[in-house]
Amino acid sequence: DHYYKAVIKVFVDLYNKGLIYRGARMINWDPAAKTALSDEEVEYKDVMGKLYYIKYEIAPSKNASKADPSQTSNYVVIATQRPETIMGDTAICANPNDERYAQLKGQKVIVPLINKEVPVIFDDYVDKDFGTGILKITPAHDINDFNIGLKYNLPVVDTLNEDGTISEAAQIYIGEDRFTARKKIVEELKAKNLLVKEEEYATRLGYSQRTSVVAEPKISTQWFVKMKNLAAPALEAVTSGNVTIHPTDKFSATYKYWLENVKDWCISRQLWWGQQIPAWYDEEGNVFVAETEEEALKLTDGNSRLIQDEDVLDTWFSSWLWPIEVFNGITQPGNKDIEYYYPTATLVTGQDIIFFWVARMIMAGMEFMKEKPFADVYFTGMVRDKQGRKMSKSLGNSPDLLHLIHEYGADAVRFGIMISSPAGNDLLFDEGSLEQGKHFNNKLWNALKLIRMWSLRQPGDEIAEPQEKEQGNFAVEWFNSRLNEARIEVNILMSQFRLSEALKTIYSLIWDDYCSWFLEWIKPEFGEPVNKQTFNAAVSFFDDILQVLHPFMPFITEEIYHLLKDRNDDLVIKQFINTAPPNVESLLKGARLKELITAIRDARNKHRIRPKDHIKLYIETGDEKSYNSIIPILSKQANAEMITFASQPKTSSITIVSGKEKIYIEANIEVDIIAQKEKLQQDLDYLKGFLITIDKKLSNDRFVQNAKAEVIELERKKKSDAEAKITAIEQGLASL
RNA sequence: GGGAGCAUAGCUCAGUUGGUUUAGAGCAUCUGCCUUACAAGCAGAGGGUCCGCGGUUCGAACCCGUGUGCUCCCACCA
């Protein structure tokens, strides 16, 4: 109801400001259904048509005929696809720079068959190189001709009836169907020697979606909003950065182009459903615009009978007020809500309505509030199917969302859509990503299950082994840093509206870092209690990752948040805390630990050491201290029953080079020396190739002179690292 | 016809003013595991002429030119 009032108020306001007017417009007409069509209801098809070249005789001019009597027998040739419209011609037109037709200035030509004199006019619109370089102007039946007609004040002669037959205004062939008339006219032109030639011509014709007949351009009277003054502040809002469109590169240009070349907005529609235009006509056809019929009556002499305009308003004429009227800002200006909430933060919408809606909301904001409606516009991609086709009703390739939610769960559907929608690009919908979301849900449940098992087995007192405490300490320290690092990353990505990348970061933080590394590192032996401090940290981290994930998967995160422990607050309203900078040292140490574990597991795999089999590890390092606090984790993750710092054991062993260090695995297996050599040789080849590329750089004087100091320093470090690794591998190879 | 964007692993995409390795992730693939949270899983691996060509630079996936292919928007020329 308040929207209704707002729309009427705005219409009257704009009319009184002179920004709304009535005018003629070319629309598409369906002669079979006898109705106007919207542009969306017209389908263009490529078809072969014919171009007819017709003679137009030059009328004997009073002045010219005396000076040059030969001109009376002259004619111009004009090409047309639609000879049946010649009776509607009201001028012919050439390019002002076309010398061939320069002498026609001020002259008239005779329209064939009806012998009507029409003027020759000149306009840049005409392409000198197309057809004969001169064209007939038929304002009633072609949009471009209509515009030229407006410019040169030409009369409009409508030669067609509503059903597509020739009208009385045409003078000849009255009542004949448009296509029958075309044939007959061509024959008559031939007979009278006025047809120079016919040419095959590839063209595009608009067909009515409803009846499949060729749509006919037709003139009708419509209501318009003058856009130029409204567009300027809306353009400025975006170019100045007051409103930011995301992704910026892709759509700012489109937005600017449209606003710079904006056309007046046709706001009337010939539909039953819609809001009727608040305009009334008296018996003489005078128009009165007012909010109600009573108000309109006051504008008349008081004796008139008024009839309201039957047309309704374009649906966007109410939609463009939404950011304002949603807070009653039009109907109750200055109310508490509009003062508090306007302007809003972010509009999320589809790129297909950038002009229909987004641009016009900004216009309305600038016009009626003198302030932008929102600070950011985020365009989601178009959803397409796996083959890249648009989702559409006619193709039937749109998924049933409720069915998907039933099958995968609401959070999984959200996950699947968001993980596969890179900012600004189209989204290829694939149920595989929904399945990934479902698996992710499952992972979260299982993490909860694990932690709850610990909590049940938690004894009241502190009986934790020192070793367990140690591994817990390092794991907690490391994950805390990793969490902070990821939070900072997510904040940056979110502020740039890179949602899928933010979600990927969170996914990896939870699955890889929290579940696969952290929980495994602190996990006690079966049946053993977990250290209380470590346990509390694990729960607290779980809270944190749930909160980070919550905007993407609100249901499961809220649920787990409450199952994790008893509490009084809800995740949905819990405020994000400021992120602390991560401890770089523990991040590096954690990365190094992962690298070691992976290298050992890889070697186990390659040498077919079964997962259950224990191994012994000999680490040859110059820096034993760096292994402080990670040995228990390493031994558990590599399933090593013993780790010592020593050089190669006497028994046959597997040699691994990780970083600059050598590690030997002693296991109860036959060691495949050849396979080992191959692996080491492979690494050696890679490193040597790598070293060559660095040496090339460093031995290039111009590089050393021109590159920044830190770049050179980095290259030197890469070189010495690579050399150290090479030495280690060569030693390893030699000892085999 | 005018304009914009894109082209990187089998697929979908990152790659942040040119230098952190001979380019990364997820999914898919391959190998080994039913290991007391999770087989909807765990561990590991393989996989690339960064679309072609030319240029700028000590140095190019990144900058410039050009060709090819794709997508979208606008217009729909007698």
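The chains referred to below are lettered A, B, ... by the order of the sequence lines, with proteins before strands, and numbering in each begins at 1.
- Spacing of C1' atoms, rU21(B) relative to rC6(B), comes out at 29 Å, to the nearest Å.
- The Y686(A) side chain lies nearest to rU21(B) when the options are rU21(B), rA14(B), rA45(B).
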What N/O pairs connect the protein and nucleotides 30-35 of chain B at under 3.5 Å? Give each pair on its own line.
none

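- Between T598(A) and rG44(B) there is a side-chain N or O to OP1 or OP2 distance below 4.0 Å.
- Residue Y507(A) is in sugar-phosphate contact alone, with no base atom involved, counting any heavy-atom pair closer than 4.0 Å across all strands shown.
- Both R601(A) and D512(A) lie near RNA chain B, and the one whose nearest nucleotide falls closer to the 5' end is D512(A).
- Within the structure, salt bridge (Lys or Arg N to Asp or Glu O under 4.0 Å) contacts touching residues 594-607 of chain A (residues at least two apart or in different chains) are D513(A)-K594(A), R592(A)-E595(A), D602(A)-K606(A).
- Heavy atoms only, all atoms of each residue included: A638(A) and I615(A) are closest at O-CD1, 3.7 Å.
- The CZ atom of F542(A) sits 12 Å away from the C1' atom of rC38(B) (whole-angstrom rounding).
- Here the side chain of K449(A) is nearest to one of rG44(B), rA40(B), rA37(B), namely rA37(B).
- Listed by chain and number, the residues in a side chain to side chain donor-acceptor pair (under 3.5 Å) with K696(A) amount to none (sequence neighbours excluded).
- With sequence neighbours left out, the side chain to side chain donor-acceptor pair (under 3.5 Å) criterion links Y53(A) to E199(A).
- Taking a 4.0 Å limit (strictly below) on heavy-atom distances, residues 255-265 of chain A reaches RNA chain B at K263(A).
- Nucleic acid contact class of S433(A) (heavy atoms, under 4.0 Å, all strands): none.
- Ring centers of Y514(A) and F542(A): under 6.0 Å apart, within the cut-off.
- The NE2 atom of H246(A) sits 18 Å away from the C1' atom of rG5(B) (whole-angstrom rounding).
- The base of rA25(B) has none of its N or O atoms less than 3.5 Å from a complementary donor or acceptor on the side chain of E501(A).
- Among the atoms of the strands shown, none is found under 4.0 Å from any heavy atom of C93(A).
- Ranked by how close their nearest RNA chain B nucleotide is to the 5' end, H439(A) and G432(A) are led by G432(A).
- In RNA chain B, runs of at least 3 stacked Watson-Crick or G-U pairs (N1-N3 plus N6-O4 or O6-N4, or N1-O2 plus O6-N3, all under 3.5 Å) give these stems: B:1-7 with B:68-74, B:10-13 with B:24-27, B:29-33 with B:41-45, B:51-55 with B:63-67.
- Nearest to the side chain of F355(A), among rC74(B), rA78(B), rA45(B), sits rC74(B).
- In this structure, CG in L499(A) is found 7.5 Å from CE in M418(A), a value given to the nearest 0.5 Å.
- Considering all non-hydrogen atoms of both residues, A486(A) and L509(A) come closest at CB-CD1, 3.8 Å.
- As rounded to the nearest Å, rC13(B) and rU57(B) have P atoms that lie 36 Å from one another.
- In this structure, D89(A) and Y56(A) have side chains that are in contact, with non-hydrogen atoms separated by less than 4.5 Å.
- For F541(A), the ring pair (Phe, Tyr, Trp, His ring centres under 6.0 Å) test picks out F479(A), F518(A), with sequence neighbours left out.
- A search for ring pair (Phe, Tyr, Trp, His ring centres under 6.0 Å) contacts involving W511(A) returns Y507(A), not counting sequence neighbours.
- Taking atom CG of L434(A) as the reference point, atom C1' of rU12(B) lies 14 Å away to the nearest angstrom.
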- Query: What string of B, S and - do you get for nucleotides 58-63 of chain B, 5' to 3', if B is base contact, S is sugar-phosphate-only contact and - is no contact with any protein heavy atom under 4.0 Å?
  - Reply: B-----
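- Rounded to a whole Å, the CD atom of E595(A) is 12 Å from the P atom of rA45(B).
- Nearest heavy atoms, R82(A) versus H141(A): NH1-O, 3.7 Å.
- Remark: W445(A) is not in phosphate contact with rG41(B), judged by side-chain N or O atoms under 4.0 Å from OP1 or OP2.
- Atom CE in M453(A) sits about 8 Å away from atom P in rC38(B), given to the nearest Å.
- Crowding of R608(A) atom CZ: a count of heavy atoms from other residues, nucleotides or ligands under 6.0 Å not exceeding 12.
- Using a 4.0 Å heavy-atom distance criterion, S516(A) is classed as a sugar-phosphate-only contact.
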- Task: Determine, step by step, whether T85(A) and K136(A) satisfy the side chain to side chain donor-acceptor pair (under 3.5 Å) criterion, reporting the C-alpha distance in whole Å, the side-chain angles of both residues, the deciding distance to 0.1 Å, and the verdict.
- Result: CA-CA 10 Å; T85(A) 64; K136(A) 67 196 205 65; 2.8 Å; yes
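- The nearest whole Å value for the distance from the CZ atom in F379(A) to the P atom in rC73(B) is 13 Å.
- Residue G437(A) comes nearest to A412(A) through the heavy atom pair C-CB, 3.7 Å, listed as atom of the first residue, atom of the second, then distance.
- With rounding to whole Å, I510(A) atom CD1 is found 16 Å from rA37(B) atom C1'.
- Taking the side-chain contact (heavy atoms from CB on, under 4.5 Å) definition, one finds that D142(A) meets it with N144(A), D145(A), sequence neighbours left out.
- N446(A) has its CG atom 10 Å from the P atom of rC42(B), to the nearest Å.
- Phosphate contact (OP1/OP2 of rU22(B), side-chain N/O of T693(A), threshold under 4.0 Å): present.
- A donor N or O paired with an acceptor N or O is found under 3.5 Å between the base of rC38(B) and the side-chain atoms of K443(A).
- Residues that satisfy the side chain to side chain donor-acceptor pair (under 3.5 Å) test with N639(A), not counting sequence neighbours, are H614(A).
- With P as the reference atom, rC27(B) and rG41(B) are 9 Å apart, rounded to whole Å.
- A close approach under 4.0 Å does occur between a side-chain nitrogen or oxygen of K718(A) and OP1 or OP2 of rU20(B).
- Comparing rG46(B) with rA23(B), their P atoms are spaced 13 Å from each other, to the whole Å.
- Taking atom P in both rU49(B) and rU56(B), the straight-line distance is 27 Å, to the nearest Å.
- Remark: Y56(A) is not in phosphate contact with rA78(B), judged by side-chain N or O atoms under 4.0 Å from OP1 or OP2.
- Look at the C1' atom in both rG48(B) and rU29(B): the space between them is 15 Å, to the nearest Å.
- W29(A) pairs by the ring pair (Phe, Tyr, Trp, His ring centres under 6.0 Å) definition with nothing, not counting sequence neighbours.
- Nucleotides rU35(B) and rG59(B) have their C1' atoms positioned 49 Å apart, rounded to a whole Å.
- For the P atom pair drawn from rG52(B) and rC11(B), the interatomic distance equals 16 Å after rounding to whole Å.
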